There are 2 protein chains.
Amino acid sequence: MSGRSNRKKAKDASASVDGETASPDFGFLAELVSFHFRMLSIELNRAYDHSFADTPLAGGTGKLSTLIVVANNPGVSQTSVAKALDKDRSAMVKLVDHLEAKELIVRHPSPKERRTYALQLTDKGRSLLDQVTNIACRYDEDFFSVLTDEERDELVRILKKLRRHHEPGTAGL
Amino acid sequence: MSGRSNRKKAKDASASVDGETASPDFGFLAELVSFHFRMLSIELNRAYDHSFADTPLAGGTGKLSTLIVVANNPGVSQTSVAKALDKDRSAMVKLVDHLEAKELIVRHPSPKERRTYALQLTDKGRSLLDQVTNIACRYDEDFFSVLTDEERDELVRILKKLRRHHEPGTAGL
DNA sequence: TATTGTTATACTCTATAACTATA
DNA sequence: TATAGTTATAGAGTATAACAATA
């Protein structure tokens with residue numbers, strides 16, 4: 001939390017005067033890890049939308065991740081899925097609504113708990129998941145294909161380490 | 001784009017049957033780099049909102065980044081800022097509207113280009129930026145404080161490498 | 001024709017609050 | 001009282017299309 005000041009005050013290339021240089025000066029923004037993280041996050045989401053454009057799961061990653069969690073945990077409740085994906089209960093309602101409307105998921109009445117639903121994939125949902133699994137893996141491979149295997153492993157390791165310290169609830173990965 | 005299959009088929013801990021285990025099975029989602037990236041991204045954004053809650057720049061990172069880019073490139077046009085931050089022109093309009101309404105930024109008429117505005121910070125904007133700079137740096141430090149210096153440097157290096165290959169336009173970092 | 005700023009539209013995501021029915 | 005699902009609302013982010021003024 002302290003004693004870390006090995007930041008470069010580079011600011012080399014683009015010292016703009018009238019503000020209309022090709023690549024503007026980002027100031028201390030370029031020194032923030034979170035800035036680079038966020039900028040890449042934009043590209044990652046864009047690549048996702050592009051890869052899944054011709055798919056019923058197009059538009060945000062919520063549908064795919066929900067479908068996968070339900071597929072691997074038949075009978076889950078909405079709240080469980082929401083917690084797993086770090087989403088809100090109310091957000092999950094709309095996601096399940098959407099997936100149910102497309103007949104990919106069913107809300108079964110839960111046997112023990114009359115408050116909850118037991119979510120399950122339909123045959124159509126299972127079939128679709130089989131199809132998009134290839135797209136998802138290729139999308140992920142392609143996006144990070146620039147990295148060496150060592151860099152990729154290191155990135156995953158660092159991401160998991162960060163998640164362990166920032167996710168209060170489900171830090172069991 | 002090929003020849004990379006060192007994925008572990010771990011799936012150790014939580015093999016749920018009724019779907020109501022503490023931590024559900026994420027299936028192949030847990031094998032995607034993008035999944036871990038996205039999950040951490042949620043926490044990063046949450047941490048930002050928390051850090052800037054008592055600030056005129058609360059609610060999204062767009063206001064802060066815009067303020068910084070304008071501060072470091074006095075006289076930039078809206079489109080330039082939009083391109084730099086990888087945003088849409090129409091999105092930038094609302095951001096500048098918001099910052100202008102709070103008297104942090106002014107839209108000066110551009111001397112040469114009558115189509116464009118020359119954006120500049122007001123004294124109030126400069127003053128605010130001075131204040132929030134500390135918050136921004138502390139927010140970034142704190143979030144990644146779990147990492148060693150070497151891990152942090154490696155993370156930044158990998159992020160920049162990925163950005164270089166995925167940002168078509170402004171890859172000059 | 002191309003570009004800048006703008007407006008309108010639409011959908012995702014996130015967050016909050018309040019309601020219902022169960023427990 | 002606590003929880004699961006729901007509904008409503010709100011703002012941020014992203015994307016597209018179209019328009020007027022200007023180049």
Side-chain angles (χ1 to χ4, degrees), chain A residues 19-20 38-39 41-50 52-53 55-66 75-101 105 107-119 169, chain B residues 19-20 38-39 41-50 52-53 55-66 75-83 85-102 105 107-119 169:
Chain A
E20 287 306 327
R38 226 179 299 272
M39 293 293 279
S41 187
I42 295 176
E43 293 301 322
L44 187 67
N45 291 326
R46 237 172 238 164
Y48 179 92
D49 286 338
H50 187 266
F52 286 82
T55 284
L57 304 180
T61 65
K63 307 183 192 76
L64 174 64
S65 53
T66 300
V76 264
S77 65
Q78 292 186 183
T79 301
S80 293
V81 181
K83 282 180 183 169
L85 297 176
D86 209 359
K87 289 179 183 294
D88 199 80
R89 272 176 299 151
S90 58
M92 192 54 61
V93 173
K94 281 190 286 184
L95 274 172
V96 176
D97 279 351
H98 190 275
L99 293 172
E100 198 180 32
I105 273 188
R107 287 193 238 231
H108 285 300
S110 188
K112 299 181 179 179
E113 276 263 20
R114 285 197 298 175
R115 287 179 297 183
T116 73
Y117 289 130
L119 302 179
Chain B
E20 287 305 327
R38 228 179 298 273
M39 292 294 279
S41 188
I42 295 176
E43 293 302 323
L44 187 66
N45 291 327
R46 234 172 239 164
Y48 178 92
D49 286 338
H50 187 265
F52 286 81
T55 282
L57 303 180
T61 64
K63 307 182 194 77
L64 175 63
S65 52
T66 299
V76 265
S77 66
Q78 290 187 185
T79 300
S80 292
V81 180
K83 282 181 183 169
L85 297 176
D86 210 359
K87 289 179 183 293
D88 200 79
R89 270 176 301 147
S90 58
M92 191 55 60
V93 173
K94 279 190 287 185
L95 275 171
V96 175
D97 278 351
H98 190 275
L99 293 172
E100 197 180 32
K102 296 205 172 184
I105 273 188
R107 286 193 240 231
H108 285 299
S110 188
K112 298 180 181 178
E113 276 264 18
R114 284 197 299 174
R115 286 180 299 183
T116 72
Y117 288 130
L119 302 178

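Each chain gets a letter, A, B and so on, in the order the sequences are listed, and its residues count up from 1. Being a predicted model, the structure only gives us computed values, none of them experimental.
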Output the rounded distance in Å from OH (A:Tyr48) to C1' (D:dG13).
17 Å

Does a distance-only test, which skips hydrogens and angles, find a donor-acceptor pair under 3.5 Å between the side chain of B:Ser90 and the base of D:dT14?
no

A:Arg114 near the nucleic acid: base, sugar-phosphate alone, or nothing, with a heavy-atom cut-off under 4.0 Å?
sugar-phosphate

Integer-rounded Å distance: D:dT14 P and A:Met39 CE:
10 Å

Taking atom NE2 of A:His50 as the centre, report whether more than 12 heavy atoms of other residues, nucleotides or ligands fall under 6.0 Å from it.
no

From C-beta outward on A:His98, which listed nucleotide comes closest to its side chain: C:dT6, C:dT12, D:dG5?
C:dT12

Does any donor-acceptor pair link the side chain of A:Thr116 with the base of D:dT3 at a separation under 3.5 Å?
no

What's the shortest heavy-atom distance between B:Tyr48 and B:Gly60, and which atoms?
CE2-O, 3.3 Å

What is the distance, rounded to the nearest whole Å, between atom NZ of A:Lys94 and atom C1' of D:dA10?
11 Å

Judged by nearest nucleotide, the residue sitting upstream toward the 5' end of DNA chain D, A:Ala91 or A:Arg115, is A:Arg115

Taking OP1 and OP2 of C:dT14, is either one under 4.0 Å from a side-chain nitrogen or oxygen of A:Lys87?
yes

Could you state the atom-to-atom distance from CG of A:Leu57 to P of C:dT12 in whole Å?
12 Å

Rounded to the nearest 0.5 Å, the CG atom of A:Asp49 sits from the CG atom of A:Leu57 at a distance of 11.5 Å

Between atom CG in A:Leu119 and atom P in D:dA4, what is the gap in whole Å?
13 Å

Atom-to-atom span, CE of B:Met92 to P of C:dT6 - whole angstrom:
12 Å

Rounded to the nearest 0.5 Å, what separation is found between the CD1 atom of B:Ile105 and the OG1 atom of B:Thr66?
6.5 Å

For B:Arg107, answer base if it contacts any base atom (sugar-phosphate contacts may also be present), sugar-phosphate if it contacts only those atoms, and nothing otherwise; contact means non-hydrogen atoms under 4.0 Å.
sugar-phosphate

Can you see if the side chain of B:Lys63 gets near the phosphate of D:dA12 - specifically, an N or O under 4.0 Å from OP1 or OP2?
yes

Hey, which sits more toward the 5' end of DNA chain C by its nearest nucleotide, A:Asp86 or B:Asp97?
B:Asp97

How many Å lie between NZ on B:Lys112 and C1' on D:dA23, as a whole number?
15 Å

Pick the closest DNA chain D nucleotide for A:Asp88 and for A:Asp49 by heavy atoms, then say which residue is nearer the 5' end.
A:Asp88

Integer-rounded Å distance: C:dA2 C1' and B:Arg89 CZ:
11 Å

Would you say the side-chain atoms of B:Lys63 pair up with the backbone N or O of B:Leu95, donor to acceptor, closer than 3.5 Å?
no

